[in-house]
2 protein chains.
Amino acid sequence: MPGPAKRGRYHHGDLAAALVDAAIEVIGERGVRDFSMAEASRRLGVAVSAPYAHFADRDDLLAAVAVRGYQQFYAAVVPQVEAGLAPADRLAAMARRYVRFAARNRPLFEVLYQAGLDKAGHPEIEAAEQPIDDAFMTCVNAISGGSGPTAEELAWALEATAHGYAMLLLDSGKQRSDEDVERTAEAAGRAARALIKSRRLLSDPADLQQPGAPRAG
Amino acid sequence: MPGPAKRGRYHHGDLAAALVDAAIEVIGERGVRDFSMAEASRRLGVAVSAPYAHFADRDDLLAAVAVRGYQQFYAAVVPQVEAGLAPADRLAAMARRYVRFAARNRPLFEVLYQAGLDKAGHPEIEAAEQPIDDAFMTCVNAISGGSGPTAEELAWALEATAHGYAMLLLDSGKQRSDEDVERTAEAAGRAARALIKSRRLLSDPADLQQPGAPRAG
DNA sequence: GTCTATACCCGGATAGAC
DNA sequence: GTCTATCCGGGTATAGAC
């Protein structure tokens, strides 16, 4: 098990990376909102001023955590060796992995979607996020031909659905069992299939709805 | 325009309610994370200790905000006079309103889903949330008969999807235009229709998937 | 129910030595 | 790159008077 020791005295190693680790640990225990530079420093046994040699401020460190988060997210969600699968199968698998990643990496997911980071102020974050969207788009492009929704519309629908399942799963605060996670992941996968199958309904038009049906709301 | 004055000196009115208003205002400007009792007090021109006559602590005030949030959410999302509409139409309308509410009441939505409130510790919150789930269930029950997914499964899928669209819309941090909001709301509504139409795919079984397709992921 | 005053703690961030 | 020391500001929460 390589990498610097996570605990106890720590001096003159790769502090920047160690801080990211420590941050994830702290966030896991207290949530992003209660994360602090000081606490992370303490856990590493370094002075509270040490982190400022590597990160401009608290948000800068959190941004680094977010970048790592998106990298792991990408690695966890995107199919690597599944070129053989049909696009719909790959997308369903991606939806399942999306939910599993959120559940199994709650601290990272929290940083990505609840830290309220100013992504505009930290372009690195958006850059790290991009590949995930791209992966969905690539997969969707292998499906959506001719009429029906644009690739963007379908990809967006699939991401939104996976995201929604993930968020609602995490929301209840309660620790969820592995069975809960798996059940939710499977549900997200099936929802992805359903959306793909009925994707024609995703494209704009009022004329696909019951003619004469009032557009209430 | 009834209700206590939101600004300036304020004495001996309904402080509890005024604090909730002030909290929403503060959250709108600085986000939940940076909300503080002290700031809310300042805006009302009362002593920083005054709130503690009405709320045990910060989280207790936020819980009150959450309760109001769910009440308004319910009122905004649930169909009132649309008994005439087909269930699928009502559910699509609910999905649209779900997204619109999130976009137009960002501060409240933030408290509901990003404040990290301990719902277990504040049963009032869950109680206020319940009617929304119930409304989805009621509507779904008018649809899902016989084979196919349980009402729970379908309701969950619809809520997750609406939720996902809403969260991703808000996520980018950037202010979204009314057109963005409306486009997203419509997309969520169409996704709801698509899920309803293909709801048979939402029920468990591996045997609805391509026979022989490996269940990767 | 609200005020004044205060005690307390903690986090952010900097200066300057090593 | 890290440490020691320190300043500063801010929020939470309580005590006791009115």
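Every chain is numbered from 1 and lettered A, B, ... according to where its sequence line falls, protein lines coming before strand lines. In this text the structure is predicted, and so the values were computed from the model without any measurement.
When heavy atoms are screened at a 4.0 angstrom cut-off, A:A50 is found touching the sugar-phosphate backbone but no base atom. Within the nucleic acid shown, A:A53 comes within 4.0 Å of at least one base atom, counting heavy atoms only.
In this structure, A:R42 atom CZ and C:dC10 atom P are separated by 8 Å, rounded to whole Å. B:R33 places its CZ atom 16 Å from the C1' atom of D:dG11, with the value rounded to the nearest Å. The CG-C1' distance, from B:L19 to C:dG1, rounds to 12 Å in whole Å. Atom CG of B:L62 is separated from atom C1' of D:dG11 by 13 Å (rounded to the nearest Å). Rounded to an integer number of Å, the gap from B:D60 CG to D:dT12 P is 13 Å. The distance between atom CZ of A:F55 and atom C1' of C:dA13, rounded to the nearest whole Å, is 16 Å. Across the protein-nucleic acid pair, A:L44 atom CG and D:dC3 atom P stand 10 Å apart, rounded to whole Å. Whole-Å rounding puts the A:D59 CG to C:dG11 P distance at 16 Å.
The closest side-chain heavy-atom distance from A:I24 to A:R68 is below 4.5 Å. Using a 4.5 Å cut-off on side-chain heavy atoms (C-beta onward), A:Y74 and A:F101 make no contact. Looking at heavy atoms from C-beta onward, A:N105 lies in side-chain contact with A:Q72 at the 4.5 angstrom threshold. For the pair A:F73 and A:E129, the minimum side-chain heavy-atom distance is 4.5 Å or more.
Comparing D:dG1, C:dG12, C:dC3 by their nearest atom to the side chain of A:S36 picks out C:dG12.
For the residue pair A:T138 / A:N141, no side-chain donor-acceptor distance below 3.5 Å is found, with atom types taken as modelled.
Of the charged side-chain nitrogens involved, none lies within less than 4.0 Å of a carboxylate oxygen, so that A:R30 and A:D34 do not count as a salt-bridged pair.
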CA sep, side-chain torsions, deciding dist, call: A:E39, A:R42, salt bridge (Lys or Arg N to Asp or Glu O under 4.0 Å): CA-CA 5 Å; A:E39 176 63 17; A:R42 253 176 258 127; 2.4 Å; yes
Could you check A:R96 against A:E182 for salt bridge (Lys or Arg N to Asp or Glu O under 4.0 Å), going step by step and ending with a plain yes or no? CA-CA 8 Å; A:R96 288 195 296 270; A:E182 196 49 32; 5.9 Å; no
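The OG1 atom of B:T150 sits 12.0 Å away from atom CH2 of B:W156, with the distance rounded to the nearest 0.5 Å.
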Anything under 3.5 Å between a protein N or O and an N or O of nucleotides 13-18 of chain D, put it in a table, one pair a line.
from: D:dA13; atom 1: OP2; to: B:Y52; atom 2: OH; distance (Å): 3.4

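Between its two ends, the helix from C:dG1-D:dC18 to C:dC18-D:dG1 turns its axis by 10°, counting five pairs per end and rounding to 10 degrees.
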